[in-house]
Amino acid sequence: MTETFRHSGEYHQQQSSAPVPPGGTQGAFPPPPAYAPEAPQAPGPARRRRAKGPLALLAAVAIAAAAVGGGTAYAVQTLTDRDGGSSATSTDVVPTSKKGTVSGVAEAVSPSIVEISASTGQGKSTGSGVITKSDGEIVTNNHVVSGATSIKVRTNDGKTYDAEVVGTDSKKDLALIQLKDASGLKPATLGNSDNVKVGDEVVAIGSPEGLTGTVTSGIVSALERDVTVSTDEGQQQPQNPDGGWPFEFGGQQFNGDTGSSKTTYKALQTDASLNPGNSGGALIDMNGNIIGINSAMYSPSSSSQGSGESASGSVGLGFAIPIDTVKDDLGKLRSGSKS
């Protein structure tokens with residue numbers, strides 16, 4: 001509400017110099033109205049006098065509280081999918097007492113992140129995923145599940161589920177999978193990546209090297225990076241043992257050969273530590289909203305100089321698919337499209 005309520009007596013009273021009506025007494029005029037006078041209306045029944053002082057203030061507060069309460073209820077309804085389980089969009093997920101802290105983000109969002117183990121004819125690999133519906137709908141990278149003959153998913157509470165692929169989009173490196181016989185899971189809150197700025201603090205949650213629920217933090221270090229990844233099923237699994245998922249940037253290849261069939265997308269760049277297994281996990285803002293799906297990371301391969309030392313690991317160059325891209329693709333993935 002934009003109205004400003006005033007206590008009785010906040011307006012200066014003026015003494016009248018007009019003649020006193022016969023039989024009357026001279027006194028102060030009532031304070032001027034808080035709003036512009038309305039056009040004259042036909043006489044009607046006598047109106048009750050407006051309460052003054054504390055009673056008027058209490059009435060105003062009650063009206064304001066009712067309006068805020070109604071607005072909150074409406075917001076909750078509009079932010080919740082009518083199918084009874086979809087994630088909301090751009091809210092404060094982290095409790096006020098822990099807002100702006102990595103621990104607060106981790107506590108609020110970790111139950112919405114899962115570990116994905118995919119088996120193919122070439123072997124096994126581990127990735128991550130983000131719960132988007134309470135019945136076990138999960139978004140992840142296409143390269144995590146492409147070509148999989150079986151998929152196992154472990155939730156934050158340690159339960160394990162079988163899963164199947166619903167839809168894939170290799171051009172955007174996205175996939176949607178569905179858990180079997182799952183219910184009551186906590187869906188993540190999908191934010192708005194258009195609002196992300198360079199320097200914003202972020203948190204990454206995933207299962208690097210199979211270490212379930214690992215939390216790292218950093219900042220958004222760049223926007224709209226052109227990242228190129230393979231769309232060849234033969235390139236998908238397993239991930240390069242000497243580094244992360246193979247990708248190209250700036251005309252150079254990282255973490256192995258991307259193959260002949262490839263696609264390029266605009267990515268968020270972050271210095272939050274990402275390693276093999278983080279693929280498909282969440283990049284999160286400090287309010288607990290998912291702003292990206294982690295998809296590629298640069299990991300230098302083992303030394304070629306014969307020193308025996310391995311330089312494998314995160315060096316602060318990670319990339320995530322913006323969540324707005326994911327939201328735009330969800331309808332297609334849910335329809336069962338596999339491309």
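Being a predicted model, the structure only gives us computed values, none of them experimental. No hydrogens, no waters, no symmetry mates; every other heavy atom, side chains included, goes into these values. In this chain, residues are counted from 1 in sequence order.
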When rounded to the nearest 0.5 Å, the distance separating CG of Leu211 from CD of Glu115 is 8.5 Å
So CG of Asn278 and CG of Asn294: to nearest 0.5 Å the spacing works out to 6.0 Å
query: Above 12 or not: heavy atoms from other molecules or residues under 6.0 Å from CG of Asp181?
result: no
A quick test of your reading: do over 12 heavy atoms of other residues, nucleotides or ligands sit less than 6.0 Å from NZ of Lys180?
yes
Non-hydrogen side-chain atoms of Asp226 and Lys266 separated by less than 4.5 Å = yes
- prompt: Side chains of Asn287 and Thr189: does their closest heavy-atom pair fall under 4.5 Å?
  reply: no
Any heavy-atom pair between the side chains of Glu137 and Val166 that's under 4.5 Å? no
Under a side-chain separation threshold of 4.5 Å, the hydrophobic residues clustered together with Leu268 are Val196, Val198, Val202, Val220, Leu223, Leu283, Ile291
Result for side-chain contact (heavy atoms from CB on, under 4.5 Å) between Ile151 and one of Asp162, Thr140, Val165, Leu179 points to Val165
Asp324 side chain to Asp194 main-chain N or O, any donor-acceptor pair under 3.5 Å?
yes
Contacts of Ser128 meeting side chain to side chain contact (heavy atoms under 4.5 Å, CB included) (sequence neighbours excluded), chain-then-number -> Ser207
Sorted by chain and number, sequence neighbours left out, side chain to side chain contact (heavy atoms under 4.5 Å, CB included) with Ser110 holds for Ala106, Asn156, Ile205, Val215
Here the gap from Thr101 atom OG1 to Glu107 atom CD, rounded to the nearest 0.5 Å, amounts to 8.5 Å
With sequence neighbours left out, the residues meeting side chain to side chain contact (heavy atoms under 4.5 Å, CB included) with Thr216 are Ala204, Thr214, Ala272, Ser273
Rounding to 0.5 Å, atoms OG1 (Thr168) and CG (Leu174) come to a distance of 10.0 Å
task: Report yes or no: does Lys327 contribute a side-chain atom to a donor-acceptor pair with the main-chain N or O of Gly191 at less than 3.5 Å?
output: yes
| request: Check for a donor-acceptor pair, side chain of Ser339 on one end and backbone N or O of Asp169 on the other, with a separation under 3.5 Å. | output: no
So OG of Ser221 and CZ of Phe319: to nearest 0.5 Å the spacing works out to 7.5 Å
Item to complete: Taking the side chain as every heavy atom from C-beta outward, state whether Asn141 and Ile321 have any atom pair closer than 4.5 Å.
Response: yes
Any Val114 side-chain heavy atom under 4.5 Å of Ile131 side chain
yes
For the pair Lys171 and Asn142, evaluate side-chain hydrogen bond (donor to acceptor under 3.5 Å, both in side chains) and give the outcome as yes or no after the intermediate values. CA-CA 9 Å; Lys171 295 296 183 184; Asn142 179 60; over 6 Å; no
Rounding to 0.5 Å, atoms CD (Glu164) and CG (Leu176) come to a distance of 11.0 Å
Point to revise | pair Val203-Val109: side-chain heavy atoms closer than 4.5 Å | key: no
With a 4.5 Å cut-off on side-chain heavy atoms, are Tyr161 and Ile138 touching?
no
Lys338 meets the salt bridge (Lys or Arg N to Asp or Glu O under 4.0 Å) criterion, sequence neighbours left out, with none
- Item | Leu190 side chain reached by Val326 side chain, heavy atoms, under 4.5 Å | no
Besides Ile219, the hydrophobic cluster formed by Ile, Leu, Val, Met, Phe, Trp and Tyr side chains linked at under 4.5 Å, directly or via other members, contains none
Might you confirm whether atom NZ of Lys99 has over 12 heavy atoms from other residues, nucleotides or ligands at distances under 6.0 Å?
no
